[in-house]
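To start, I am sharing the structure in question, which I have written as structure tokens.
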There are 2 protein chains.
Amino acid sequence: MKSINWSASDLEAFSALAQTRHFTRAAERCHLSQSAFSQKIRRMEDSLGARLFERSTRQVSLTPEGEVFAEDVLRIEGELRQALAQLRDLAQCRTGRVAVAALPSVAAVWMPALIARWRALHPQVTVTLHDTLAHAGLALLREGRVDLAITAGGDLREFDTEVLMTEPYWLVCRADHPLAAREAVTLAGLVGEEVIHLSRGSSVRQHLEHVPQVQGLRASPLEVEHLATLAALVAQGLGVTLVPELTLFHFRQAGLAAVPLDEPSLARPIVLARRKGRALSAAAQAFQALLREAPLAVRPVR
Amino acid sequence: MKSINWSASDLEAFSALAQTRHFTRAAERCHLSQSAFSQKIRRMEDSLGARLFERSTRQVSLTPEGEVFAEDVLRIEGELRQALAQLRDLAQCRTGRVAVAALPSVAAVWMPALIARWRALHPQVTVTLHDTLAHAGLALLREGRVDLAITAGGDLREFDTEVLMTEPYWLVCRADHPLAAREAVTLAGLVGEEVIHLSRGSSVRQHLEHVPQVQGLRASPLEVEHLATLAALVAQGLGVTLVPELTLFHFRQAGLAAVPLDEPSLARPIVLARRKGRALSAAAQAFQALLREAPLAVRPVR
DNA sequence: GTCAATTACGTTCTCCGTAAGGATG
DNA sequence: CATCCTTACGGAGAACGTAATTGAC
């Protein structure tokens, strides 16, 4: 009546015998010798203090207790199998979900191709993309609503971070502007230009405000919330503007020109943030790996 | 990444660590050395190809995959425990049910005390008692509606049988009948008496019809279905009757007397019948054991 | 420096396979 | 007598414990 350590193979052996009602065939199904199989069943019965099978040398059948047990075992076996399979699938990114928050510019320029690659690699893993401003993205991360946040600047001390890429700025001006034809410009070359800024809530503006040389430029009294508006103002000839590379797609229109700003100090870091002390899911790890190689593939041109 | 044979102790170890988040304490809970415990967890992770826990030497926490698995494991562990417990309970007659069919006389005379003993021994095991005539009882047995049938005679070839007791017959007559005072009578001593029989459907009558000496007696033209009617007819002085011992309780009334019939050949066997080739449940086995000793305790007196 | 998890290594013990035994039709 | 389950016995490998090692705070 000694207690044994019930294992999946025990359950399997039991249900094989319950179904076949034949030791030899059940043993084959379990890839065991008939003798070992017999011992296995015997050990189970001993540990329970109950016969599970009624056997003569010619006939094997379940006892009433065995029948009750058979139902339970069949169910439990399936659940265990399913739990293990689910775990394997999660670990191998054959199923699961990953949620990412990204700045709108990142979401619009960088993510689409990346998500396309992701879907090719892991078609069964759901990706949820939140295109949010920096603050909102970090809030989602803090609450655990997303696994990863891609942001720029801000107070990131509560998170684990890594810089994915540093994003250069570009000058945007009218196509007929004297600077439009230049290969590159510097901040010094912008003295006298009227610069239209985004409003103070934007991460771009916050970044620019920390750069003394930008403070030295002439700021337009105009301040807008949206890049589309900014493009229209510049197109109208009301000034020029400075924007990070990833936002350039807003300015690809007739009448506007973009010129690289040759100011390494101004490049803004695009940061990947994770919750501190929290392990990433396998899917999130895989997505992160993709993020790390992706910047190499992204080179927006003028 | 080698596959292991998942056992109950593995699930237990996992859930212990998931709850305590501390290897040393979880190992204690599982009665394992901390080292063995650590290896156990490692083997599980290896076999899954997935980390279940995120550990530093100071901090242990579940990975996202581990959390998913934890829910499953907790449920499965409980179900396995419950299935094993239920089986043990069934085997030890700590729960369960047993159904018995018995002749009305057996049910009325023998069963009540026996069931009382049963309930003292196995209070949680439900007993269903069907007090049926022989034919109906065997039908219930054949259909598997009862585990055991207690009957007398009939065609029992399709069942496994054993004789529980052989029941002597008694003469029942008026108290003022000449034979009433006798210590015992024989069939020969009944010549000339008018004997009232039960109707041909009863097992008693069928049994008596196979005894030549009874055929030699003078049969009353009266035939009744019920023993109570029979008692009334005898009390009225319309004849005497022959009944098995277990039915005597119907005749314990003023004006009637019962005299042992000293005819071993007439004793009718009370038979316990089981379905052939079917194992009995533990509860049914225990009930059967009680039945086997019970006849010794039953000695109805005059 | 202490606490806690991992690694190393020798040992124990479970479990399996081969082979002999026994029961049943 | 053939089939099929059980018992006997020896061996391989899994799992455990002690002890040394590594790592974090």
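For the numbers below, each heavy atom of this structure counts, side chains included, while hydrogens, waters and symmetry mates do not. We name chains A, B, ... by the order of the sequence lines, and we start the count at 1 in each one.
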Inset, instruction - State which of D:dT7, D:dC16, D:dC5 makes the closest approach to the side chain of A:Gln39. - result: D:dT7
Inset, instruction - Start with the C-alpha gap between A:Glu162 and A:Arg274, add the side-chain angles, then the distance that decides, and say whether salt bridge (Lys or Arg N to Asp or Glu O under 4.0 Å) holds. - result: CA-CA 9 Å; A:Glu162 68 186 75; A:Arg274 295 177 298 266; 2.8 Å; yes
Inset, instruction - Check whether any side-chain N or O of B:Asn5 sits under 3.5 Å from a backbone N or O of A:Ser9 as a donor-acceptor pair, and report yes or no. - result: yes
Inset, instruction - Step through it carefully: locate the ring centre of A:Phe53, locate the ring centre of A:Phe14, and say whether they are under 6.0 Å apart. - result: yes
Inset, instruction - Mind calculating the distance between CG (A:Leu32) and C1' (D:dC5) to the nearest angstrom? - result: 15 Å
Inset, instruction - Look at the side-chain N and O atoms of A:Lys40 and state whether any lies under 4.0 Å from the OP1 or OP2 oxygen of C:dC15. - result: no
Inset, instruction - Mind calculating the distance between CD (B:Glu12) and P (D:dC16) to the nearest angstrom? - result: 12 Å
Inset, instruction - Without swapping roles, check the side chain of A:Asp155 against the backbone of A:Arg157 for a donor-acceptor pair under 3.5 Å. - result: yes
Inset, instruction - Starting from P on C:dT6, measure out to CG on B:Asp46 and report it in whole angstrom. - result: 11 Å
List every contact pair, protein side and nucleotides 11-14 of chain D side both N or O, where the distance is under 3.5 Å.
| residue | atom | partner | partner atom | Å |
| --- | --- | --- | --- | --- |
| D:dA14 | OP1 | B:Lys2 | NZ | 3.2 |

Legend entry - Interatomic distance, A:Arg21 CZ vs D:dC4 C1' [rounded to whole Å]: 17 Å
Legend entry - Whole-Å gap separating P (D:dC4) and CZ (A:Arg25): 7 Å
Inset, instruction - Kindly point out which of C:dC16, D:dC5, D:dT7 is positioned nearest to the side chain of A:Arg42? - result: D:dT7
Legend entry - Side-chain heavy atoms of B:Arg51 within contact of B:Ile41, under 4.5 Å: no
Inset, instruction - Kindly say whether B:Leu280 contributes a backbone atom to a donor-acceptor pair with the side chain of B:Gln285 at under 3.5 angstrom? - result: yes
Inset, instruction - Using a cut-off of strictly less than 4.0 Å, decide whether B:Ser38 has a side-chain nitrogen or oxygen near OP1 or OP2 of C:dT6. - result: yes
Inset, instruction - Flag yes if more than 12 heavy atoms outside B:Glu209 fall under 6.0 Å of its CD atom; otherwise flag no. - result: yes
Legend entry - Phosphate-side-chain proximity, A:Arg55 and D:dT6, N/O vs OP1/OP2 below 4.0 Å: yes
Inset, instruction - Take atom CD of B:Glu54 and atom C1' of D:dG23, then tell me their distance rounded to the nearest Å. - result: 15 Å
Inset, instruction - Treat primed atoms plus P, OP1 and OP2 as sugar-phosphate and everything else as base, then score nucleotides 19-25 of chain C 5' to 3': B for base contact with protein heavy atoms under 4.0 Å, S for sugar-phosphate contact only, - for none. - result: B---BBS
Legend entry - N or O in side chain of A:Thr24 less than 4.0 angstrom from D:dC5 OP1/OP2: yes
Inset, instruction - Round to a whole Å and report the spacing from CD of B:Glu45 to P of C:dA5. - result: 13 Å
Inset, instruction - Report yes or no: do B:Ser35 and B:Gln39 form a side-chain donor-acceptor pair below 3.5 Å? - result: yes
Legend entry - Side chain to side chain, B:Leu17 and B:Leu52, heavy atoms closer than 4.5 Å: no
Inset, instruction - Write down the distance between CD1 (A:Ile41) and P (C:dC15), rounded to a whole number of angstrom. - result: 13 Å
Inset, instruction - Step through the shown structure and confirm whether more than 12 heavy atoms of other residues, nucleotides or ligands are within 6.0 Å of CZ on A:Arg142. - result: yes
Legend entry - Residue met sooner reading DNA chain C from 5', once A:Asn5 and B:Ala36 are mapped to nucleotides: B:Ala36
